[in-house]
Every structure is written in C-alpha cells, then in structure tokens.
Amino acid sequence: MSQNYYITTPIYYVNDKPHIGHAYTTLACDVMARFKRLDGYDVTFLTGTDEHGQKVEKAAEAVSLTPQHFTDQVSQNFRDLTKAMNFSNDDFIRTTENRHKAACQRIWSILQDNGNIMLGKYEGWYSVRDETFFAETELVGGMAPTGAPVEWVEEPSYFFNLSAWQDKLLAFYDENPRFVGPESRFNEVKSFVKSGLRDLSVSRASFKWGVPVPGDDNHVMYVWLDALTNYLTATGWPENGPAGDKEKYARVWPADLHMVGKDILRFHAVYWPAFLMAADLPLPKRVYAHGWWTNDGQKISKSLGNAIDPNHLAATYGLDQTRYFLMREVPFGNDGDFSVQAMTQRINGDLANDLGNLSQRVLSMVFKNCNGIMPAIPEPLKSEDQELLKSVDSLIINVRRHIDNQAFHEALRIIWQVISQANRYVDSIAPWALKKTDPERMAEVLAVLSETIRKIAILVQPVMPDSAGKILDQLGVDPTQRNFNFLVGKARLASGQGIAKPEPVFPRFLDEG
Ligand code: MSP
C-alpha cells in the first residue's frame, strides 16, 4: 500500500474575488500534491471556502444579499479558479456544508465536556477585517497591527483556555523541529508563545452568521475555530457525522502539510495545535508559511484596487508560464513583487530560450536528420555523455529534498542548471555539423539529449503539467511511464519509435503594452 499524503490550503474568505495571493497558496499545494502523486504517494489535497463570520455577513449586507446567497456566488468563483489554474484538489469544502457544521459542533462539545471551554465575558478590541481579537497593548496608533480598524466589543463569550496549553505547545515545538517552516517564522511562533498566552474568546453573541454553539443559540462559534476544523471535516471526522468515514479519517489524519500565508501562521501553529491537543486529537505534521505578493512594489488591497487576477495572468502569459513564474521568481517563504518585466524575462529566458529551445532543436534534429526515428543511447557512453546523464540522473534526489522543504524555487533552479548544461553540451558538440561527417555520433548525441529532456519533462510536470505533457508526447513517452519510478534505475527513453514533427511548446512573450 502506498503512503498517504494529506495537504491543505487555507480556506478562502468569500468576501472578495480570488486574486494572485489566493492562487499562489493553492498553486504551491498543487505542486506539492502533483509531486507526491508522481512520487508514489496516495494524495489527498483539500481546498475550499471560509464562509462564516462578521466580515462575510457585512460583505453580503453591502450587496443586499442573504449571506447564504452571497456565499454561494463567491464560493463558486474560487471553485472556478481551481479549474482555470489546473489545480488537482480532490475535494472542495465549504464551511456552510452540513458535514462541516457537524464537525465544528463535535469538536466544540469535546472541548466543552473536558473543561477547556467556559462561559465568560469578552471586553476588548476586535478587527472584523482580520477576524481577530487584540489586546490594548497590541494596537498600533489605535489600529490593529495589520492596519485594520478595530471596534470595542463587550459581550458574553465562551473562552478556550489557551493559556493552559503554553508549556505543552512549547514542548511540542521542541520535539517537532520541522513543525513550522521557514525556521525564522518558527522562531517568531515560539517567542509569541513564550511571551504568554491569553485565553481565547471562541464565540460571538452579537451576530448570527456562524455555526451555532451546541446548547446555546445565543452564540455562534468564533470563525477561526470553525474554519480550522475544516481540515478535520474533510477527512470524514467525526465518524458519526453526516459525512463520517472512520476508515478515511484513520488513513488521512493527521495532515502532512497545512500551507498558509505568513499572516495566518499564528492560527495554524498556535491555536490549531492547542485545540487539537485539548480535544485529544493528533496534531498536523507541518505548517509552512509563505510570503506575500505585492504589485509593482505596492501591497495588494481592495481599496487600492490593484489586485492581480490570476485568470488575467493565465490568459495573457499562458497558464503554465504563470505557474512557473510564481514558483520560480520568488524564493518560497519570502515576499515577492509582481512585475510584467520579471514575468517576461522568465518566459523568454527560462522557458522559451532554455527549455523550449533545447527541446525544439533536439526534437527537430531527430525529426529531420534521423528520419523521425528516436536513436539509441550509446553503449558505452562517451565521457561528455556520461557527464550530462549523471547530472540529470541525480536530479530527483535533490529536487525531492527541496520540494520536501517547500523550496520550490530551488528545485526549479537546479533543474534549470541541468538545462543549461544540456544547452552547453549541444553547442559544444554541434550535432547539426555531424550530419555529414559522423552521422552515428550525431544520433548518439541526440539520444543522450532526448533522454535528458525526458527526465527534465517528467520533473517539471508538477509545475507545468500541460507543457511537460506536450514534451513527453513529442518524445513518445507512454502516459503510464511518466512518474518518478521512470527517473531511476535502468529506466531510459526507448529508441526506435517514430516521433511526430515537433511544435514549439514555449512561445516568446512580446510585450505590446
Ligand atoms: N479564511 C482565512 C483562512 C482560514 S484557514 C483555516 C483567510 N482567508 S484569506 O482569503 O484572507 O486568505 C487566504 C490565503 O491567501 C492566506 O494564506 C493568505 O496569506 C493568502 N494571501 C492573501 N493575499 C496574499 C498576497 N497578496 N500574497 C500572497 N498570499 C496572500 O485568511
């Protein structure tokens, strides 16, 4: 039986249209999910929408729709985005679904029954935009640290005894040094917890749009307790719920990776493990916090109206080009800036010139100079052939290491190093010049190059599934032979099969703007 791998995106607030930031988080998960599937794992990849809370209630009000009607519409935009971006999620969860409400009420009851939730009174500041409570000392110039406005809230509220979990959390972090990535963010989490935790208000009584607190209709659950529980809901937990699936839960939970943006790390690395410990449920294995995109140096915000629409990017630059750019341009974990110039450079440099040109010129030579029949890899190999094949053969080990650390940019960088090496090999041997003088050597060189391209195309499938698929089609690689088993051992590109006239896969982008 293959090993399971459960990966989740945050669930997206439905108060807004999807933009590049949302697409980015899900894309990173999609690349992880596709990579793990090709590497033999049984993957469960979850995304969805976060539909309760005051923010969504207000957004619905603003357009004169009922919250349910409003969330139906906006949630669909996120579902459409998964198609448009070729995301391979296995499930799409909405927090307004019955399966989810049942899971929330179940976790609440467990926490309440074992004495971790108690009724009290909340007095303090609340930011609707962040759906977060703030202490007086956390405010900056009368605003939330994020710059969002805060309002004074005074209402009866249930509290989760977060403070009681401080030491257990710190011990857990010590025992699980890979729990949060990148490391610098893990340190921030640890100092936050070390500085002391206050009990957390986990219900609201002043609005209605949420999961009712079991046994107390005056309260709805705090949207973050509701939202975080989605990761459990989708596993078929609880087994006696409307979507209960004991076998799936046992197989899938705990999650291998919660991918989040840096702004929501605290919820995932502090609150969520505390809730789970308190409910006596296993904790996720890893949370990774990525950075934020800006647009030409400016923070993306609704009020500036400078959100970048991922559909527009895909239509303008090509879907795989967009996917590649987002994963390659910025070291994953850091903040990054979107600019047309950077996008154009990646498309024309890395894709059109480096990979596109390599594959196009090699396959065209096979087509023209070898009668369209794939030549055989020489036996024994010449030292220059050996050198190139050694580089491409050893890629998987290092690419896998980088992907397991969510260093997508590094994985791509080392693949592109080998692409450059292959281009230098073509340039120095100049197989086109061998057609008359040494056709046998020409065929050998083209076979070594075709094998190099095969491995590279297999490796870039998670990032550029369609384009890599086209290159593998052109090489005549059977669709059942495109997983990572075919990168190791004796697996080599078959010879003797005919290839069709190759078509360029990566056109240049001409900025006409
Ligand atoms: N609903 C909560 C998450 C609940 S998870 C149990 C939420 N939703 S969100 O829609 O506001 O944000 C979702 C994700 O999008 C976050 O990971 C956030 O970091 C990411 N991004 C939103 N804007 C972004 C950028 N400008 N750049 C990169 N990612 C950003 O938070």
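Both counts, for ligands and for their atoms, begin at 1 and track the order of listing.
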With sequence neighbours left out, what residues match Ala279 under side chain to side chain contact (heavy atoms under 4.5 Å, CB included)? Ile107, Ile110, Leu111, Leu281
Does the ring pair (Phe, Tyr, Trp, His ring centres under 6.0 Å) test come out yes or no for Tyr288 and Phe332, once each step is laid out? CA-CA 10 Å; Tyr288 191 94; Phe332 201 69; 5.5 Å; yes
Starting from [atom], find the nearest protein heavy-atom neighbour and note its residue, name and distance.
atom: atom 8 (N) of ligand 1; answer: Tyr13 CD1, 3.3 Å
atom: atom 16 (C) of ligand 1; answer: Ile264 CD1, 3.8 Å
atom: atom 17 (O) of ligand 1; answer: Gly261 N, 2.8 Å
atom: atom 20 (C) of ligand 1; answer: Thr25 OG1, 3.8 Å
atom: atom 3 (C) of ligand 1; answer: Ile11 O, 3.2 Å
atom: atom 6 (C) of ligand 1; answer: Tyr231 OH, 3.5 Å
atom: atom 26 (N) of ligand 1; answer: Trp293 O, 3.2 Å
atom: atom 24 (C) of ligand 1; answer: Gly21 CA, 3.5 Å

List every atom of ligand 1 that sits less than 4.0 Å from any heavy atom of [X], numbering the atoms from 1 in the order shown and giving each element.
X: Gly291; result: 28 (C)
X: His22; result: 10 (O), 15 (O)
X: Ala227; result: 6 (C)
X: His268; result: 5 (S), 6 (C)
X: Asp50; result: 1 (N), 2 (C), 4 (C)

Determine, for [Y] and [X], whether the Lys NZ or Arg CZ falls below 6.0 Å from the six-membered ring centre while staying within 45 degrees of the axis.
X: Arg251; Y: Tyr6; value: no
X: Lys83; Y: Phe87; value: no
X: Arg266; Y: Phe192; value: yes

Heavy-atom closest contact ([X] atom, [Y] atom, distance):
X: Phe92; Y: Glu97; answer: O-OE2, 4.0 Å
X: Pro273; Y: His268; answer: CD-O, 3.1 Å
X: Trp293; Y: Leu326; answer: CZ2-CD2, 3.6 Å

For [X], is the nearest heavy atom under 4.0 Å from an atom of ligand 1?
X: Lys299; result: no
X: Trp272; result: no
X: His290; result: yes
X: Phe267; result: no

What verdict does the ring pair (Phe, Tyr, Trp, His ring centres under 6.0 Å) test give for Phe338 and Phe325, after you've listed the backbone C-alpha separation in whole Å, the side-chain angles of each residue and the deciding distance to 0.1 Å? CA-CA 10 Å; Phe338 180 86; Phe325 173 80; 5.6 Å; yes
N/O to N/O below 3.5 Å, does that happen between [X] and ligand 1?
X: Lys262; result: no
X: Tyr12; result: no
X: Asp263; result: yes
X: Ile300; result: no

Check side-chain hydrogen bond (donor to acceptor under 3.5 Å, both in side chains) between Thr66 and all other residues, then give those that pass, not counting sequence neighbours. none
Are Trp152 and Tyr126 an aromatic pair, judged by ring center distance below 6.0 Å? no
Quick one: look at His19 and ligand 1, take heavy-atom pairs under 4.0 Å, and tell me if it's side chain, backbone, both or neither. side chain
Location of contacts on Val260 toward ligand 1, heavy atoms closer than 4.0 Å: backbone
Is it the case that more than 12 heavy atoms not belonging to Asp280 sit under 6.0 Å from its CG atom? no
Between the CD atom in Glu51 and the OG1 atom in Thr71, the distance rounded to the nearest 0.5 Å is 4.5 Å
Indicate the ring-plane relationship of Trp224 and Phe267, choosing parallel, tilted or perpendicular according to the 30° and 60° boundaries. parallel
